[in-house]
**Q** 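If you scroll down you'll find the structure; I have some questions about it.
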Amino acid sequence: MRGVGPPRERDLNQRISGARARTNKTEVIRNDEEAKKQARNGKKDEASGTGHERSRAEQAQNLPFHINLIQKVYANEESYLFAILSLLALSFPTAIASDPSPVQDFCVGVNTPADGVFVNGKFCKDPKLATVDDFFFTGLDRQRVATNAVGTNVTPVFADNLPGLNTLGIAFARVDYAPNGLIPPHTHPRASEFLIVQEGTLFAGFVSSDQDGNRLFSKILNKGDLIVFPVGLIHFHVNVGRGPAVAFTAFNSQNPGLITIAKTVFGSNPRINPNVLAKAFQLDPQIVISLQTKF
C-alpha cells in the first residue's frame with residue numbers, strides 16, 4: 001500500500017493542476033471577450049456621442065443668438081434652465097401679468113410730449129401743493145329733484161369734481177328717484193358697482209352673460225339693503241315705493257364708464273341702419289325709426 005500511495009497522489013495533483021490550468025485559460029478567454037465587447041461598446045458610445053454633439057451643434061446654429069450665448073455661458077444644465085426661464089420672464093412679461101384696466105375710452109398716441117402727458121386722463125398736481133380740499137366733497141345730504149325723462153337725478157363724485165380720486169381707482173354717486181323713477185338698463189365696462197338704499201324701496205337686478213344663459217338676478221331692496229353688480233354686466237334699478245327714494249353707489253374705478261343700452265343702440269351718432277336693428281330686435285323697421293327719434 002505504501003508503494004502505491006505516492007504515484008496516486010502525484011496523479012491526483014496533476015489532475016488538479018490541469019483542471020486549474022483549464023479554468024484559468026477559460027477565465028482569460030472570457031476576460032478577453034469581455035474586454036473586446038467593452039471596446040466595441042465604447043466605440044459605439046463614442047460614435048453616438050459624436051452624433052449627439054453634431055446634432056446639438058446643428059441645433060445651436062438654428063437658435064437665436066441670445067439663447068446660443070446662454071448655452072455657452074451656462075454649461076451646467078440647472079443653471080442653463082434657470083437662465084432660459086429668466087430670459088423668458090423678461091422677454092414675455094404679458095405671459096405672467098396683465099395690463100391694468102383702462103380708465104378712459106381712448107388715448108390717441110402723439111409723436112411729441114409737447115401735446116401733453118396724462119395719468120389716467122388727468123394732469124397731476126405737484127404733491128407739495130395738495131391740500132385737504134383736494135380730497136373733500138360736500139353736499140351729498142341734499143335731496144335733488146329728479147326731472148329727467150326717466151325720473152332720476154345722479155350726483156357723481158368722480159375725479160372730475162373730486163381731484164384727489166385721480167389714480168385711486170374708486171368713484172361714488174348719489175341717486176335720487178322720483179316715484180317710479182328708473183336708472184335704465186346699462187353697463188359699466190370698467191367697474192363693478194355697489195348699490196345701497198338710503199331711503200325708499202327699489203327693485204334692482206342684473207343679467208348674466210350669454211354663456212351663462214342671460215339669467216336675471218333681481219331683488220326688492222329696502223333701506224339699508226345692498227346689492228352688487230358685477231363688472232360689465234347689464235343692470236338696472238327702479239323706485240317701486242310710494243314716495244321718493246335715495247341710494248348711494250360706489251365703483252372700483254375712478255372712471256367706470258357708462259353704456260346705456262337704449263341710448264347706445266337707438267341714439268348712436270350716426271344712426272345704426274334701421275334694418276339692422278329691426279332684424280336684431282325682431283321689429284318692424286318703422287318701429288325702430290320711431291325709437292331712434294326718441295334718443
Side-chain angles (χ1 to χ4, degrees), residues 98-106 146 148-158 169-198 200-222 225-241 245-284 287-295:
S98 59
D99 292 333
S101 298
V103 292
Q104 56 195 49
D105 288 337
F106 308 101
N148 65 14
V150 292
T152 52
N153 189 328
V154 178
T155 304
V157 184
F158 288 6
I170 54 176
F172 197 73
R174 171 185 169 126
V175 185
D176 288 89
Y177 308 78
N180 300 315
L182 166 71
I183 295 295
H186 65 284
T187 179
H188 302 292
R190 294 182 286 273
S192 297
E193 176 184 356
F194 285 99
L195 173 74
I196 183 169
V197 178
Q198 175 68 20
T201 303
L202 302 180
F203 174 63
F206 64 90
V207 180
S208 65
S209 64
D210 291 0
Q211 291 85 345
D212 189 63
N214 302 124
R215 291 188 294 158
L216 173 64
F217 295 79
S218 61
K219 193 78 174 177
I220 296 292
L221 305 176
N222 296 300
D225 291 342
L226 178 149
I227 191 171
V228 178
F229 304 124
V231 59
L233 296 186
I234 296 173
H235 57 282
F236 63 89
H237 27 109
V238 57
N239 181 8
V240 294
V246 178
F248 291 97
T249 64
F251 307 91
N252 63 338
S253 170
Q254 74 175 61
N255 184 6
L258 175 63
I259 300 174
T260 304
I261 307 305
K263 183 178 180 181
T264 301
V265 173
F266 297 106
S268 65
N269 184 21
R271 302 297 190 188
I272 299 174
N273 188 309
N275 292 323
V276 173
L277 297 180
K279 189 169 186 178
F281 288 94
Q282 299 296 292
L283 296 173
D284 186 280
I287 295 177
V288 172
I289 294 173
S290 175
L291 289 170
Q292 288 180 327
T293 62
K294 300 179 184 299
F295 296 94

**Q** Name the one of Val265, Ile287, Leu277 that satisfies side-chain contact (heavy atoms from CB on, under 4.5 Å) with Gln292?
**A** Leu277
**Q** State whether the side chain of Thr187 and the backbone N or O of Gly232 hold a donor-acceptor pair below 3.5 Å, judged by distance alone.
**A** yes
**Q** CG of Asp225 to CD1 of Ile196: how many Å apart, nearest 0.5 Å?
**A** 8.5 Å
**Q** Using ring-ring contact (aromatic ring centres under 6.0 Å, His included) as the criterion, list what pairs up with Phe158, not counting sequence neighbours.
**A** none
**Q** Hey, is the main chain of Pro230 close enough, under 3.5 Å, to the side chain of Ser192 for a donor-acceptor pair?
**A** no
**Q** Provide the closest heavy-atom pair for Leu202 versus Ala247 in the form atom of the first, atom of the second, distance.
**A** CD1-CB, 4.0 Å
**Q** Can you measure from CD1 (Ile261) to CD1 (Ile234) and round to the nearest 0.5 angstrom?
**A** 4.0 Å
**Q** How close do Pro270 and Ser268 get, heavy atom to heavy atom, and via which atoms?
**A** O-OG, 2.9 Å
**Q** Determine yes or no for a side-chain-to-main-chain donor-acceptor pair under 3.5 angstrom, with His188 supplying the side chain and Leu258 the backbone.
**A** no
**Q** Calculate, to the nearest 0.5 Å, the distance between atoms OH and OG1 belonging to Tyr177 and Thr201 respectively.
**A** 11.5 Å
**Q** Counting only N and O atoms by type, is there a donor-acceptor contact under 3.5 Å from the side chain of Ser253 to the main-chain atoms of Asn255?
**A** yes
**Q** Looking only at heavy atoms, what is the nearest atom pair of Ala191 and Phe251, with distance?
**A** CB-CB, 4.0 Å
**Q** Would a distance-only check, ignoring hydrogens and angles, find a side-chain to backbone donor-acceptor pair under 3.5 Å from Thr152 to Gly181?
**A** no
**Q** Give me the atom names and distance for the closest heavy-atom approach of Phe236 to Pro184.
**A** CB-C, 4.2 Å
**Q** Nearest 0.5 Å, please: how far is CD1 in Ile183 from OG1 in Thr260?
**A** 8.5 Å
**Q** Arg271 side chain to Phe266 main-chain N or O, any donor-acceptor pair under 3.5 Å?
**A** yes
**Q** Measure across Val154 and Pro156 and return the closest heavy-atom pair with its distance rounded to 0.1 Å.
**A** O-CD, 3.3 Å
**Q** Under 6.0 Å between ring centres, would you say that holds for Phe194 and Phe248?
**A** no
**Q** State, to 0.1 Å, how close Val238 and Asn180 come at their nearest heavy-atom pair, and which atoms those are.
**A** CG2-O, 4.1 Å
**Q** For the residue pair Phe206 and Phe229, categorise the inter-ring angle as parallel (less than 30°), tilted (30 to 60°) or perpendicular (more than 60°).
**A** perpendicular
**Q** Would you compute the distance between atom NE2 of His186 and atom CD of Glu193 and round it to the nearest 0.5 angstrom?
**A** 5.0 Å
**Q** Answer yes or no: is there a donor N or O on one side and an acceptor on the other, between the side chain of Asn239 and the main chain of Ala178, under 3.5 Å?
**A** yes
